[in-house]
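For reference, the structure is listed below as structure tokens.
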Amino acid sequence: MFSKILIANRGEIAVRIITSAKEMGIKTVAVYSDFDRYSLFTKLADECYYIGESPSSKSYLLADKIIEAANKSSAEAIHPGYGFLSERSFFAKMCKESGIKFIGPGHEAIELLGSKIDAKTLALKNKVPVVPGTDGPLQDLKEIKKTAKEIGYPVLIKASAGGGGKGMRVVMDEDGIESSLRATQSEALSSFGDDSVFIEKYIASPRHIEFQILADEYGNVIHLGERECSMQRRHQKIIEETPSVIIDSDLRNKMGESAKRIVKAAGYSNAGTVEFIVDKNRNFYFLEVNTRLQVEHPITEIRTGIDLVREQLKIASGERLSFRQEDIKFSGHTIECRICAEDSENNFMPSTGKISYMNKFLGSGMREDTGVEQGDEISIYYDPMISKLISHGADREIAVSKMKRALKEYRIEGISTNISFLLSLLESEEFKRGEYHTQFIEKEFLNRHLKTTPDGELKTAVSLAAALFKENKKPKIKLNTGVNGHVKSNWVNKRFENYR
Amino acid sequence: MFSKILIANRGEIAVRIITSAKEMGIKTVAVYSDFDRYSLFTKLADECYYIGESPSSKSYLLADKIIEAANKSSAEAIHPGYGFLSERSFFAKMCKESGIKFIGPGHEAIELLGSKIDAKTLALKNKVPVVPGTDGPLQDLKEIKKTAKEIGYPVLIKASAGGGGKGMRVVMDEDGIESSLRATQSEALSSFGDDSVFIEKYIASPRHIEFQILADEYGNVIHLGERECSMQRRHQKIIEETPSVIIDSDLRNKMGESAKRIVKAAGYSNAGTVEFIVDKNRNFYFLEVNTRLQVEHPITEIRTGIDLVREQLKIASGERLSFRQEDIKFSGHTIECRICAEDSENNFMPSTGKISYMNKFLGSGMREDTGVEQGDEISIYYDPMISKLISHGADREIAVSKMKRALKEYRIEGISTNISFLLSLLESEEFKRGEYHTQFIEKEFLNRHLKTTPDGELKTAVSLAAALFKENKKPKIKLNTGVNGHVKSNWVNKRFENYR
Amino acid sequence: MKKYFIKQESSDKTDEVKIHSDKNASLNEREFQYECKFINENTMILRINNENYFLSVSENEESNLLDINIESKIYKVSCRSELEMMIDKMSGNKTGSKIRKEIHSPMPGIIKSINVKEGERINKGDVIMVLEAMKMENEIKASRECVIKKLNVDVMSSVEKNELLIILE
Amino acid sequence: MKKYFIKQESSDKTDEVKIHSDKNASLNEREFQYECKFINENTMILRINNENYFLSVSENEESNLLDINIESKIYKVSCRSELEMMIDKMSGNKTGSKIRKEIHSPMPGIIKSINVKEGERINKGDVIMVLEAMKMENEIKASRECVIKKLNVDVMSSVEKNELLIILE
């Protein structure tokens, strides 16, 4: 096993990796930007190296700087987390050439699976169904029109190098195809430096379901069950759960084995995730492989009792998987909610500023993965995710009730969050029944009128709270209203004493 | 199910009960003393009733006041937590007579099992071994001497009404018996108003192992496995774990079935704990039944996936147990550490004062049950326990490594705690091997020299930290030392800016 | 005794809260007992009769309303003191909310597109421009029907937080 | 430049820390780089070269030493400034710690028993009295060999925090 590793990431995922490493007796090295000088993950690490300015292009994306820090600190391996350099094959290659173990798959596998078209070809070769579409990149409008007609509208135009919802457009009929193609191509060119696209059948109201994979360096591969990730807004996952209400053990087995075939064929090792979409008739289609740890990995950890970061470190250090597929046991139901700094009442506008107050009560059955503490700043530089709340219960109903309680008791002041939005999602009939899909939020939920008007005792509380807040904030100036001269009465003073 | 319950307790256990009730959609009523007006448990409750002054004799022990609050708030049931009125049969009876459901066993069972001698008789009748000793209360010295001789020294003198380590003395030979008897009797008289004692065989280096029981009101009883509670100081449990390293499934089954027999014979319902001591040859002897929820109940919850408070509420509302003995599955290893406000470097002197700073990092696999927050006061009125940290891992080694990490990252300032003591216990060879007994701490561990002298880089850090602390604290007075006049140099100012 | 006028966002009725002392208050003349402890400027423990609320209040700059957060549900109210109501009456502003005539950048970022022209009349909800920040595209929408008086920025210009983007008529 | 003299509790050797600036310091003339940020009066992030310590320091009234808490292990050191060392030297106090001549009650409680008489010579570790508080009996022990000069309390008397219990010679 390694004696020291470097974490080429920040925030909650850096904290998460440090946690498992410490428990294994491995020393940890953090790298940080100006903004992160005293962020939680640097406080927890054994060593800290400064790598540059706050924008990630000047720090967390600088492969050279990170390799340099690894060399200086004598770290034997680098964990890339998610995002940043985690899926860049050149970085995995640089690590290898510097004699540092990259904690993830080999750069060849990253490169192979990083190309949507190659990955699709690989899936087909291994008898895993894919969404009908072009099997090569296209650029010419005429050819694209012809292909779209063959596949049948609606179709999806996707940037070949895209991801995370970027560079994707649905085209309902031939009239819309030209403008959509131009828009997709210009976006793809500026974002990824590559304007090739491909086209596929658009599947209405699909589920996004993914499988967690572990593969050692000796060809042993297992899956750890599915994650239901259909609760999305703008292709960003918001709530994830496992098991999925639509997956029975038969389908789980079929999809899990498909996922394993792809990963095996790619010569993949370490942790990875195979994404599928599932249509209304429970047909599944391979989507892509994420060649890294996922944001939502904790729900799998809790339901299987397997620490994925620990397994990543063991695999990277050359150990064999210590369990077989039949050893994997699933227990209860797990849900994750992503708490983000965004104003869900104002078009999900990102919210920046200082967290002036944070008070939470997790209680039994709850886990929180976070990189942020009271007093910290939420900046424009990085992802707006503040925290991942994860609940575990004997069944789905209990897991949901725990999550709701914890969300109600999670307080953040100084910035806006999506907590009330998460809570209304959990309270929707569709979520209760488990009947939702990737377009549910945008096409259905956001059109609903969810304003709550308090009544009875709650109305009294709301009204009095508003009045007391205003009273307490009032500048301590003696008003000469004439009628009511004794403004500074005894009880006002008392209240001021209480506050701070 | 109840729609509203009252919690006749405070601190972490009140918080714990509120948590499960909320998850079940049950409204919660807290009662509080002057000291607890704004304690965490009152913040989380739906309703709060004031019941008296801070000393528990003037609030939490006032059965009348509590019943009154229950009536005013229309609570249908009362959960007594642990301590206070939880094992007082008169209170259970008062509840019943007031038409309020007591969430616990019937008052007859509490009374029967509350008498050590009756409980022992019941055990013997049901073929559960007990420690050899007198089967009735004794008061006469001559008779006591005779009995002690028959049993064989060393013997234990115990107050008939005692508990929690109070009113207990080991007598090594006949010379010591008279003074020990007098001391025990006077203590018992002043503490419990009853000076009868009994005598039993003293078992050297025993284990304290207890079984969690659930019994519904229809005679169905199951056990949820053991808890190893031998890590004690002055008869107070400090670290608990499950499973016990000395219990195999055969012994677990035997002890569990013994526990069930006693509880069944007592006509017991709701949650309860049957305590045993186990000698070096793994012979077990019934000790007593705790007719309430235990402090250390979380380790059983985590290992079985069963929420004990939820089960208590379901049983009290008349539901049948929803699982049978064979449904109970155990997973992994769980440990609990009790963090207390006491100065373990100064003879465990209780420490009072305000918690000026609290910073913890739990992370994956950890649970915390607490009733205090930063800014709270630790008082002389109540138990000095601040928090229960609970870790869960796939095996004992992982659970221990998680606990150690969390303890290292648990910061409390303003009061002294036993965190460093807990950490050294976990690091002791005996704990590592699981070879410890109820006298380990006092007879062996406390005699060790555990002072740590830092060296190398650690010594540099310790020395510089001391100097910087002193530098930062220095009053901002310009010293006229003559030699070094420029005291307020630029960098000192900078540091002062950082601080706060 | 202090008097405040409260209007729930979704209601047309104005309620009257009177704070008689630190123990007694009334809502529309219905008296009740309460207790309040501020944890900080925004957070308080409020107990009415024996009901307990651990809640927070914050001023929403966007809407000029107070957001009352109880168990992570947000209730929006306008709250005016007697004095403010007098001023409102004199100035003829019945709703008590200022109409904002300028739109400022909510955060630093880059203007990706501008969908309106100067002089154009737009409706509530129309997208005025798109600001890219935190790797996300954020639409800046009209909160009321209005006419664009002046555009202060160009497409692809980078803006600071609170920088003036548009003046409305 | 500031100079401090540090002695680990378990060592006889005194080490010399020099703080040259907010970036440079030395221990026994060995120079190194550091960085320090105080989170509050007691807690700091200290980085030496690139090693990271998130630690806290508190003054132990009992021992007159500083408790340095690193990862929940407590290191006890005495820390004297140059000025304090000078004063120590002049007053002939070599260890730098004041000898306490009074014992005060560490918390409110009731004196359950007194095991010594006035004028009695006792050894380090001897139990002087037992104080009951927080439902526990707490032994008050002698921290050094001494003679009891005056007992200020009686058995069963209740005492407040910091109340004078005993004067030593």
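The chains referred to below are lettered A, B, ... by the order of the sequence lines, with proteins before strands, and numbering in each begins at 1. Below, each value reflects all heavy atoms present in this structure, side chains not excepted, and no hydrogens, waters or symmetry copies.
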C:V17 versus chain A, the contacting section by heavy-atom distance below 4.5 Å
side chain

Residue, of C:N28, C:I140, C:L55, C:N49, that accumulates the most heavy atom pairs under 4.5 Å with chain A
C:L55

Within a strict 4.5 Å, meaning less than it, do heavy atoms of the C:Y34 and A:T460 side chains meet?
no

Return the option, out of C:I68, C:L27, C:L66, C:V57, with the maximum number of heavy-atom pairs under 4.5 Å with chain A.
C:V57

side-chain contact (heavy atoms from CB on, under 4.5 Å) assessment of C:N42 paired with A:Y357
CA-CA 9 Å; C:N42 298 101; A:Y357 181 68; over 6 Å; no

Against chain A, label C:I74 side chain, backbone, both or neither, depending on which of its atoms sit under 4.5 Å from a heavy atom there.
both

Could you walk me through whether A:L458 and C:Y53 pass the side-chain contact (heavy atoms from CB on, under 4.5 Å) check?
CA-CA 9 Å; A:L458 192 57; C:Y53 302 91; 4.0 Å; yes

Sort C:R30 into side chain, backbone, both or neither according to what part of it lies under 4.5 angstrom from a heavy atom of chain A.
side chain

Rounded to the nearest 0.5 Å, how far does NZ of C:K141 lie from CE of A:M349?
9.5 Å

Identify which part of A:L423 has an atom lying under 4.5 Å from any heavy atom of chain C, answering side chain, backbone, both or neither.
side chain

Roughly how far, to the nearest 0.5 Å, is the CD1 atom of C:I6 from the CG atom of A:L464?
8.5 Å

How many angstroms lie between CZ in C:F54 and CD in A:E409, if you round to the nearest 0.5 Å?
9.5 Å

Look up atom SG in C:C79 and atom NZ in A:K473, then write down how far apart they are to the nearest 0.5 Å.
12.0 Å

Using non-hydrogen atoms only, which part of A:E342 is less than 4.5 Å away from chain C: side chain, backbone, both, or neither?
neither

Under 4.5 Å to a heavy atom of chain C? For A:L422 that would be neither

Non-hydrogen atoms of chain A under 4.5 Å away: do they reach the side chain of C:K18, the backbone, both or neither?
neither

Straight-line distance of A:I419 CD1 to C:S72 OG, nearest 0.5 Å:
5.0 Å

Report the option among A:A465, A:S416, A:G353, A:S356 that has the most heavy-atom pairs separated by less than 4.5 Å from atoms of chain C.
A:A465

Between A:R405 and chain C, which part of the residue has a heavy atom less than 4.5 Å away: side chain, backbone, both or neither?
neither

Identified salt bridge (Lys or Arg N to Asp or Glu O under 4.0 Å) partner of A:K470 from the options C:E84, C:E59, C:E41, C:E82:
C:E84

Roughly how far, to the nearest 0.5 Å, is the CD atom of C:Q8 from the OG atom of A:S463?
5.0 Å

Quick one: what part of C:S26 sits under 4.5 Å from any heavy atom of chain A, side chain, backbone, both or neither?
neither

Honestly, the part of A:F421 sitting under 4.5 Å from a heavy atom of chain C is neither

Chain C contact via A:E413 - side chain, backbone, both or neither, heavy atoms under 4.5 Å
side chain

